[in-house]
K.L.:
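Submitted below is the structure of interest, expressed as structure tokens.
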Amino acid sequence: MVNECAAAFEAWLRKHADPEQAGPMEAYMRNQFPFLGIRNPERQALTRELWKAHPLPKGDELRETALQLWSLPEREFHYTAMSLLEKYGKQAGEGHIEVLETLVTQHSWWDTVDFIASHLIGRQLSQYPELVRDYPDRWINSDRMWLRRTAILFQLKYKHSTDFDRLVGYIERCKGESEFFIRKAIGWALREYAKTDAAAVRRYVASAGLSPLSEKEAMKHLR
């Protein structure tokens, strides 16, 4: 059963769909998903406008609104769902990590996975660090590439709170993969941590035997 808020979001965004814009947006995402044709700045403005008329639900109803939007095919609904889940994260309990894990594996592509990993899961695990052993430590050995990428990226915004030994351990497990999204994630995670401890990243990269792509990304601002 669709709740009132999810139905309002769907109707409002569909009303502003632009088929002429949808084609190029789908092509940019390699035709992985259909689009309504609403670019992010416009979608965000439309969302704020709707919030004024329909105050956001709270608690589990807010989460369920996001999940119902996630079940729709068009990509703009997934982006809106992530915005709602970011708001829900302030009140989410430990069990919410199960929902986030599922979302990583549904409608998976870099544009949603990276936000979920670095914003939603990153915050969830900073609030409940005891869950790291049960989730990222398991994900890095998963046969699902997007879960492995999530494990590498979840500390992206942690700065001095980054567990660099854990990150290096994850990288060592998958640095030999040929998968582009894994190699890119390795470089990105190291490049971001280099803003906090450039020397540690230099030392590691010098002897790690990373792929050229990972090394290039890691050292982007250090050379």
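Starting from 1, each residue takes its place in the sequence as its number. All figures in this text were calculated on a predicted structure; none of them were measured in a lab. Side chains are part of it too, since the values below use all heavy atoms of this structure and drop only hydrogens, waters and symmetry mates.
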K.L.:
Ignoring hydrogens and angles, write down the donor-acceptor pairs under 3.5 Å from the side chains of residues 121-133, residues two or more places apart or on other chains.
P.N.:
{"residue": "R123", "atom": "NH2", "partner": "E86", "partner atom": "O", "Å": "2.2"}
{"residue": "Q124", "atom": "NE2", "partner": "G93", "partner atom": "O", "Å": "2.7"}
{"residue": "S126", "atom": "OG", "partner": "R123", "partner atom": "O", "Å": "2.7"}
{"residue": "Y128", "atom": "OH", "partner": "A92", "partner atom": "O", "Å": "3.3"}

K.L.:
Which residues pass the salt bridge (Lys or Arg N to Asp or Glu O under 4.0 Å) test with R173, not counting sequence neighbours?
P.N.:
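Per chain and number, R173 pairs via salt bridge (Lys or Arg N to Asp or Glu O under 4.0 Å) with no residue.
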K.L.:
According to side chain to side chain donor-acceptor pair (under 3.5 Å), does anything in residues 203-213 pair up with another residue at least two apart or in another chain? List the pairs.
P.N.:
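Counting only pairs at least two positions apart or across chains, the side chain to side chain donor-acceptor pair (under 3.5 Å) contacts touching residues 203-213 are E172-Y204, S211-S214.
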K.L.:
Please confirm whether the backbone N or O of E192 pairs with a side-chain atom of T196, one donor and one acceptor, at under 3.5 Å?
P.N.:
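Judged by distance alone, no pair lies under 3.5 Å.
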K.L.:
Of all residues at least two apart in sequence or in a different chain, which pass the side chain to side chain donor-acceptor pair (under 3.5 Å) check with E49?
P.N.:
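E49: no side chain to side chain donor-acceptor pair (under 3.5 Å) contacts found.
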K.L.:
Can you tell me which residue pairs pass the side chain to side chain donor-acceptor pair (under 3.5 Å) test with a partner in residues 152-162, sequence neighbours excluded?
P.N.:
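Non-adjacent pairs meeting side chain to side chain donor-acceptor pair (under 3.5 Å): zero.
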K.L.:
How about NZ on K216, more than 12 heavy atoms from neighbouring residues, nucleotides or ligands closer than 6.0 Å, or not?
P.N.:
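Atom NZ in K216 is not packed in, count stays at 12 or less.
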K.L.:
Is the backbone of E76 close enough, under 3.5 Å, to the side chain of E74 for a donor and an acceptor to pair up by distance?
P.N.:
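Checked: no pair found.
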K.L.:
With sequence neighbours left out, what residues match Q91 under side chain to side chain contact (heavy atoms under 4.5 Å, CB included)?
P.N.:
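So Q91 forms a side chain to side chain contact (heavy atoms under 4.5 Å, CB included) with L62, Y88.
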K.L.:
Side chain of R202, backbone of L222: donor and acceptor closer than 3.5 Å?
P.N.:
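Yes: the side chain of R202 pairs with the backbone of L222.
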K.L.:
Residues two or more places apart in sequence or in another chain: which of them pass salt bridge (Lys or Arg N to Asp or Glu O under 4.0 Å) with R138?
P.N.:
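With sequence neighbours excluded, R138 shows a salt bridge (Lys or Arg N to Asp or Glu O under 4.0 Å) to E101, given in chain and number order.
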K.L.:
Which residues satisfy the side chain to side chain donor-acceptor pair (under 3.5 Å) test with Q44, sequence neighbours excluded?
P.N.:
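Per chain and number, Q44 pairs via side chain to side chain donor-acceptor pair (under 3.5 Å) with no residue.
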K.L.:
Please answer whether the main-chain N or O of R191 pairs with a side-chain N or O of H221 as donor and acceptor at a distance below 3.5 Å.
P.N.:
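Judged by distance alone, no pair lies under 3.5 Å.
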K.L.:
Decide if atom CZ of R144 counts as having more than 12 heavy atoms of other residues, nucleotides or ligands within a radius under 6.0 Å.
P.N.:
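12 or below, so no.
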K.L.:
What residue among N40, D111, T47 forms side-chain hydrogen bond (donor to acceptor under 3.5 Å, both in side chains) with Y79?
P.N.:
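With Y79 as partner, N40, D111, T47 yield a single side-chain hydrogen bond (donor to acceptor under 3.5 Å, both in side chains), made by D111.
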K.L.:
Please list, chain by chain and in numerical order, all residues satisfying ring pair (Phe, Tyr, Trp, His ring centres under 6.0 Å) with F164, sequence neighbours excluded.
P.N.:
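If we apply the ring pair (Phe, Tyr, Trp, His ring centres under 6.0 Å) test to F164, skipping adjacent residues, the hits are Y193.
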K.L.:
So does E217 pair up with K184, basic N to acidic O under 4.0 Å?
P.N.:
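Yes, this pair counts.
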K.L.:
Is it true that R14 and E10 have a side-chain N and a carboxylate O under 4.0 angstrom from each other?
P.N.:
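Between E10 and R14 there is a salt bridge, with a charged N closer than 4.0 Å to a carboxylate O.
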K.L.:
Please, which pairs that meet side chain to side chain donor-acceptor pair (under 3.5 Å) have at least one residue in residues 26-37, sequence neighbours excluded?
P.N.:
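Applying side chain to side chain donor-acceptor pair (under 3.5 Å) to every pair that reaches into residues 26-37, excluding sequence neighbours, yields nothing.
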K.L.:
Listed by chain and number, what are the side chain to side chain donor-acceptor pair (under 3.5 Å) partners of R39, not counting sequence neighbours?
P.N.:
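R39 satisfies side chain to side chain donor-acceptor pair (under 3.5 Å) with Q21 only.
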K.L.:
Would you say that R148 contacts E177 through its side chain, given a criterion of any heavy-atom pair below 4.5 Å between the two side chains?
P.N.:
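Yes, their side chains come closer than 4.5 Å.
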K.L.:
Spell out, as yes or no, whether a donor-acceptor pair under 3.5 Å connects the side chain of W12 to the backbone of L46.
P.N.:
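Flag set: sc W12 to bb L46 pair under 3.5 Å.
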K.L.:
How would you list, by chain and number, every residue that makes a side chain to side chain donor-acceptor pair (under 3.5 Å) with T112, sequence neighbours excluded?
P.N.:
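Result, side chain to side chain donor-acceptor pair (under 3.5 Å) vs T112: R75.
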K.L.:
Does H54 reach the main-chain N or O of E4 with its side chain, forming a donor-acceptor pair under 3.5 Å?
P.N.:
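Looks like no, no N/O pair under 3.5 Å.
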